Trainee: 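Mind having a look at this structure? Questions to follow.
Source: prediction; values computed, not measured. Atoms within a ligand are numbered from 1 in the order they appear, just like the ligands themselves.
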Amino acid sequence: MWQKVEAAPADSILGLTEAFKSDSRAEKVNLGVGVYKDEQGSTPILDCVKAAEKILLEKEATKSYLPIPGDPVYAAEVQKLLFGGDSEVITSKRAATAHAPGGTGALRVGGDLLKKFNPNAKVWISNPTWANHKGVFVTAGFELAEYGYYNPETKSLDFDAMLSSLANVPAGDIVLLHACCHNPSGVDLDAEQWKKVAALGKEKGWIPFLDFAYQGFGESVESDRCGVVEFAATGIDFFVASSFSKNFGLYNERTGALTIVSPSADDSAVAMSHLKTTIRVIYSNPPAHGGLVVATILSNEELHQQWLAELAVMRDRIKAMRVALVDGLASRGVEGDFSYITAQRGMFSFSGLSDAIVGWLRDNKAIYVVGGGRINLAGLTKSNIDYVCDAIAEALKV
Ligand code: LMR
């Protein structure tokens with residue numbers, strides 16, 4: 001069957017992890033996949049997660065199927081986190097949430113659902129965007145278009161370009177936005193800019209689809225949700241794909257959610273009915289464990305506070321690594337202003353390193369960076385930062 005078939009290319013992000021694992025060089029450093037590492041270079045299980053798992057081990061009484069959209073307690077906790085506990089969206093019952101297998105699963109469920117009712121829509125993605133966005137929405141059957149976002153000259157947001165592209169998006173098309181910690185650039189909108197984009201979405205009638213994979217990695221759980229809150233205030237239909245891979249460190253539990261916000265509770269009930277039929281034919285109902293862990297933590301005041309503290313430790317360590325990288329390059333006399341690295345938010349920096357340099361770093365120094373120059377700052381530690389700065393300084397002189 002496969003003799004005449006060409007092998008598929010490796011995934012541009014997860015394929016790097018495979019290559020990294022099989023690299024035998026002791027000095028190797030993985031700055032590719034967006035996974036948090038602590039100062040020891042490992043990806044820990046959060047203490048609040050361990051505590052919740054202990055509770056579950058004692059209390060969990062069945063492994064029977066969950067409902068198609070997952071556990072209702074999980075959905076309620078997801079909504080509080082997305083909109084704030086006292087949000088009008090929640091009291092008006094305007095949101096329908098389903099537990100999806102990770103942020104990617106949520107995006108795909110949303111894509112399949114939108115395709116049913118909006119078959120001729122295009123999906124507008126930021127330039128640049130997470131490589132897998134393209135695959136997910138093309139596979140769901142959509143044609144893609146790009147809106148302006150990042151200015152490589154200034155290494156910052158090109159808000160004028162963004163607004164002028166979005167002003168030309170036809171009603172009914174879908175606009176995929178990164179709610180915070182833009183992947184790959186680390187360049188975000190501020191609160192005022194979100195207000196303008198939300199107002200534009202309402203005026204033009206496109207359907208916003210917010211990918212919210214890094215809540216709490218920017219500034220805080222509250223301020224990172226300001227884009228979601230602005231869209232909620234418009235009263236229009238929109239989608240949110242959220243993930244607990246990063247902020248709860250639940251990567252392999254595939255714990256995410258798709259939330260559809262509608263203008264009314266009646267609309268929301270219809271949305272939920274179609275969410276269920278969409279999920280039923282893909283994976284029937286979600287895996288339980290990660291959602292139970294998240295619901296246990298968020299509904300328990302002590303564990304909730306512990307989670308926020310552990311999240312702050314991850315966020316602060318990444319910020320410290322941004323400063324260390326900028327200082328490390330400056331102290332090696334590398335020319336150029338790298339201050340944009342500290343202005344970016346979340347796990348990533350669009351470092352400005354060319355693909356030639358990315359290749360040189362991998363071949364000569366066993367340092368793995370995603371093509372396009374995206375660096376995962378969370379892969380830097382006090383033990384490897386000097387090695388990485390030396391290597392980048394050398395690469396830029398080659
Ligand atoms: C990333 O961008 O590195 C992460 O979101 C992991 C992934 O699935 O690509």
Trainee: Please, which pairs that meet side chain to side chain donor-acceptor pair (under 3.5 Å) have at least one residue in residues 8-18, sequence neighbours excluded?
Mentor: none

Trainee: Test: salt bridge (Lys or Arg N to Asp or Glu O under 4.0 Å). Region: residues 121-132. Which pairs qualify, not counting sequence neighbours?
Mentor: Lys122-Glu143

Trainee: With a cutoff of under 4.5 Å between side-chain heavy atoms, which Ile, Leu, Val, Met, Phe, Trp and Tyr residues group with Trp2?
Mentor: Met1, Val5

Trainee: Regarding His133 and Asp211, do their side chains bring together a donor and an acceptor under 3.5 Å, going by distance alone?
Mentor: yes

Trainee: Salt bridge between Arg332 and Asp386, side-chain N to carboxylate O under 4.0 Å?
Mentor: yes

Trainee: Fit a plane to each ring of Phe209 and Phe239, take the angle between them on a 0 to 90° scale, and name the class: parallel (under 30°), tilted (30 to 60°) or perpendicular (over 60°).
Mentor: tilted

Trainee: Protein N/O near ligand 1 N/O, under 3.5 Å, which pairs?
Mentor:
{"from": "ligand 1", "atom 1": "2 (O)", "to": "Trp130", "atom 2": "NE1", "distance (Å)": "3.0"}
{"from": "ligand 1", "atom 1": "2 (O)", "to": "Asn183", "atom 2": "ND2", "distance (Å)": "3.0"}
{"from": "ligand 1", "atom 1": "2 (O)", "to": "Arg374", "atom 2": "NH1", "distance (Å)": "2.8"}
{"from": "ligand 1", "atom 1": "3 (O)", "to": "Gly34", "atom 2": "N", "distance (Å)": "2.7"}
{"from": "ligand 1", "atom 1": "3 (O)", "to": "Arg374", "atom 2": "NH2", "distance (Å)": "2.8"}
{"from": "ligand 1", "atom 1": "5 (O)", "to": "Lys246", "atom 2": "NZ", "distance (Å)": "3.1"}
{"from": "ligand 1", "atom 1": "9 (O)", "to": "Trp130", "atom 2": "NE1", "distance (Å)": "3.0"}

